[in-house]
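Here is the structure we will look at.
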Amino acid sequence: MFVRTCRSSCNAWTNATSTTQAGSLSPPNAHRSVVLTLSLQACSARTHESLIRSFASTTSQSKRQEAEAEEKRQVSPRLGPSAPRSSYPSSAEARQKRDSDREFLISVLESSATKRDARGYLQTFGSSAALTSAGQKKPSTIGILGVPASVAGRPAFVQGTEKEISVKRNEAPHVAVVKLRAPQAWDDVLLEGVAKTLTRLRDLGLLSVIVLDCDDIKPNQASSWHETVTQQTDRLLRAIGQYGFPAAEVVDSGIWKSTENPQIPSSVPSKPLYVGFGKAFTTPLANGHILVVPPRAYSDASLQYSKADANDIVIALTTFFAGLQFGRQYSDYRELAGKVSDGQSFRKALVDRVIVIDPLGGIPSHRQGHGTQVFINLEDEFKNIQDALYEKTQPTSAGTKDAGVSARATVHLENLRLAKSTLALLPSNASVVMTSPAEAANINVSRRGQLEAKPDGFAGEVKTRTWRNPLIHNLLTDRPIYSSSLPIGRIKPTHQDEEIALSRMPTTTLAKRGLPVTIFPDPRVKRWQPPQPGVPRLRLTDTCIDLPRLVHLINDSFGRKLNVEHYLDRLKDSLAGIIIAGEYEGGAILTWETPFGLDEETAYREGRLVPYLDKFAVLRKSQGAGGVADIVFNAMVRDAFPDGVCWRSRKDNPVNKWYFERSRGVLKLPESNWAMFWTTPEAVSNDQMMRDYEDVCRNIAPSWADTTKPAD
């Protein structure tokens, strides 16, 4: 029988769950230690009802504690008129803290972090006490909170066993440079929700340096720009101050402006803004403060403050924290050389994220009906997206221009270029998250608010809690909420009104520096088509392909050695093309296969050559993280074989859950160990096509040097 994919595909493929135990944590932040403990678990995609039930025991226990506290306050003897008040918290305070902690824990559980994600998070942000050497695990504290210790992981492209990773500690604080655009248009509910999320990020180990962008001032607005900046700074400070200690601090004297060029040459582009007083940032960050930076700069020429571009401030802060502000930081080459010879680090902080919270949300997809771009591989997609946005800012062929569309496209273009500029200064594992205030605050704006996504369209809307916070999810998993290689039908809500369906889709974009993608032959030059028999075609031995590295990629990904001679002979007359991500970090080999019993001439004439994914490989170090598998899969289904492709996999292959979510359907072939997948939309309704697909998947001979293991 045919099995269609669905949103619950992980459970549809298998109901198996994995059980792990967490390590215990030590102070500081003992009241949040459970978050890191939970992160060691492979958090499941359970429903809200099961999550709430899992906290039932915690709720009952907290209520008993409240009753006991209230009773002790009532019977506590007074020692005199000046007797101190009981140290027991009031029932309202205890209830508020319980609700806050429960919401925080739910947001962590709903991140759907796998064990690999949790290990990566702890390696970067967690306490070294959370993991022990040689993979030894400490007893779990999950039972205290009533949270089940058995949880299932989300599908990830991971082959074989995972290796334990040692934890490395770094004294530099982990920082997110955050830009808030048009906060004067946000109502108090949105602003407080965003402030709450940023304090949650602090609890999880990521401090925020917030840059305000108040440029969208209406001509008829009563207050001036300077008054608006002051008002919004105060609003943000009050909002953050509601959610724990240490509170936020304003840094109004750290950004300077200069017309002089740096004294020391650097490959980093020079900007007029720079950090002139570094300790204004580093000292409060070392004490755990969230920083708020108004969009002003101090001129070293006029000795006055003036308006500054928020994007330039973000770039200046990123440059400073990354230790790349050489020209103005050191008076001469000798000071710089002395720091290098001493082996000192130039970095003032580790910028793990750049976050843009914009009423317009993330970058819109240039594909019609796809809503917001979920993930951007800047190395491969930047130019195409930039060109698409730039085109919207220009007049049409008729000479007209939609002012609203042009203004929104201009903002998106600036955010895209900001992502490109900042990630060029940071390590490859850094990322930029662009989202809306509603999603950052974990609030669902009503349909009218979504469709009118503009700076003045948020106040007074009906808001309810959504089921996942994109910023917390990304911090814990280093991934977008949805995988970028999922078909749009898996993400877009079902509704007869296309506009309503799009308005309910997430508006968050995750951008990474990513990897270049190379496709041979290039489909941009000529679309892939079934080749005529006898026509010269691509070979794996051609000079454009590094065969030794390709073989290493396959061997490493599958954990077994390829019979190269047999493989080259099998593909010499059927190779359609090859996709390479980065420096052979991932790849796919695709072929045109002839169904059994047909000659190539007949199959070509009748249009029955089968588009087939022969090998899909990702280096083990890149599996489950970095989006390499998504990048390769997207290149295959969007560029190489957009009309559809089929492939096979062992029925017990752990990657099948990942394949299942991305295919149009799956068929477990009877009397074999193969499961067949396809992305061709019309495959199920075409009996001949399905028979050809099944015939190819059954009869292709494996090409492994070790024939004793099951074929892959």
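Numbers here are sequence positions counted from 1.
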Q. Given the rule in the salt bridge (Lys or Arg N to Asp or Glu O under 4.0 Å) test, do Arg549 and Asp556 qualify, once you have shown the distances and angles that lead to the verdict?
A. CA-CA 10 Å; Arg549 298 181 74 178; Asp556 182 78; over 6 Å; no
**Q.** Lys392 side chain to Val405 backbone, donor-acceptor under 3.5 Å
**A.** no
Q: Taking the six-membered ring for Trp and the single ring otherwise, decide whether the centroids of Phe641 and Trp528 are under 6.0 Å apart.
A: yes
Q.
According to side-chain contact (heavy atoms from CB on, under 4.5 Å), who are the partners of Phe520, at least two apart in sequence or on a separate chain?
A. Thr518, Leu538, Cys544, Ile545, Ile578
Q. Side-chain contact, heavy-atom cut-off 4.5 Å: Trp704 with Phe558?
A. yes
Q: Compare every heavy atom of Val610 with every heavy atom of Cys646, then report the nearest pair and how far apart it is.
A: SG-CG1, 3.5 Å
Q. Have Asp358 and Ser436 got a donor and an acceptor in their side chains that come within less than 3.5 Å?
A. no
Q. Under the 3.5 angstrom rule, does the side chain of Ser421 hit a backbone N or O of Leu418 as a donor-acceptor pair?
A. no
**Q.** Donor-acceptor pair between Ser485 and Arg662 side chains, under 3.5 angstrom
**A.** yes
Q: Output the distance between atom CZ (Arg513) and atom CG (Leu426), rounded to the nearest 0.5 Å.
A: 7.5 Å
Q: May I ask you to establish whether Arg664 and Trp678 are in a cation-pi arrangement, using a distance under 6.0 Å from NZ or CZ to the six-membered ring centre and at most 45° from the ring axis?
A: no
Q. Side chains of Asn673 and Asp652: does their closest heavy-atom pair fall under 4.5 Å?
A. yes
Q: State which residues pass side-chain contact (heavy atoms from CB on, under 4.5 Å) with Asp522; sequence neighbours excluded, sorted by chain then number.
A: Arg524, Val525
Q.
I'd like to check Ile631 versus Val517 (side-chain heavy atoms, cut-off strictly below 4.5 Å). Are they in contact?
A. yes
(Q) Please report the interatomic distance CG(Leu201) to CG(Leu206), rounded to the nearest 0.5 Å. (A) 5.5 Å
Q | Donor on one side chain, acceptor on other, Ser483 and Asp630, under 3.5 Å | A | yes
Q | Nearest heavy atoms of Leu471 and Ala440, plus distance in Å | A | CD1-CB, 3.9 Å
Q) Mind checking whether Trp658 and Phe633 have parallel, tilted or perpendicular rings, split at 30° and 60°? A) perpendicular
Q) Can you tell me if Glu439 and Thr507 form a side-chain donor-acceptor pair at under 3.5 Å? A) yes
(Q) Can you tell me which residue among Tyr659, Tyr693, Phe616 is in a ring pair (Phe, Tyr, Trp, His ring centres under 6.0 Å) with Phe677? (A) Tyr659
Q.
Against Asn415, only a single residue in Lys179, Arg181, Lys420 fulfils side chain to side chain donor-acceptor pair (under 3.5 Å); can you say which?
A. Lys179
**Q.** Closest non-hydrogen atom pair, Thr679 against Trp647
**A.** CG2-CZ3, 3.7 Å
Q) Between Met689 and Glu682, what is the shortest heavy-atom contact and its length? A) CE-OE2, 4.0 Å
Q: Please check if the side chain of Thr591 supplies one atom and the backbone of Glu593 the other of a donor-acceptor pair under 3.5 Å.
A: no
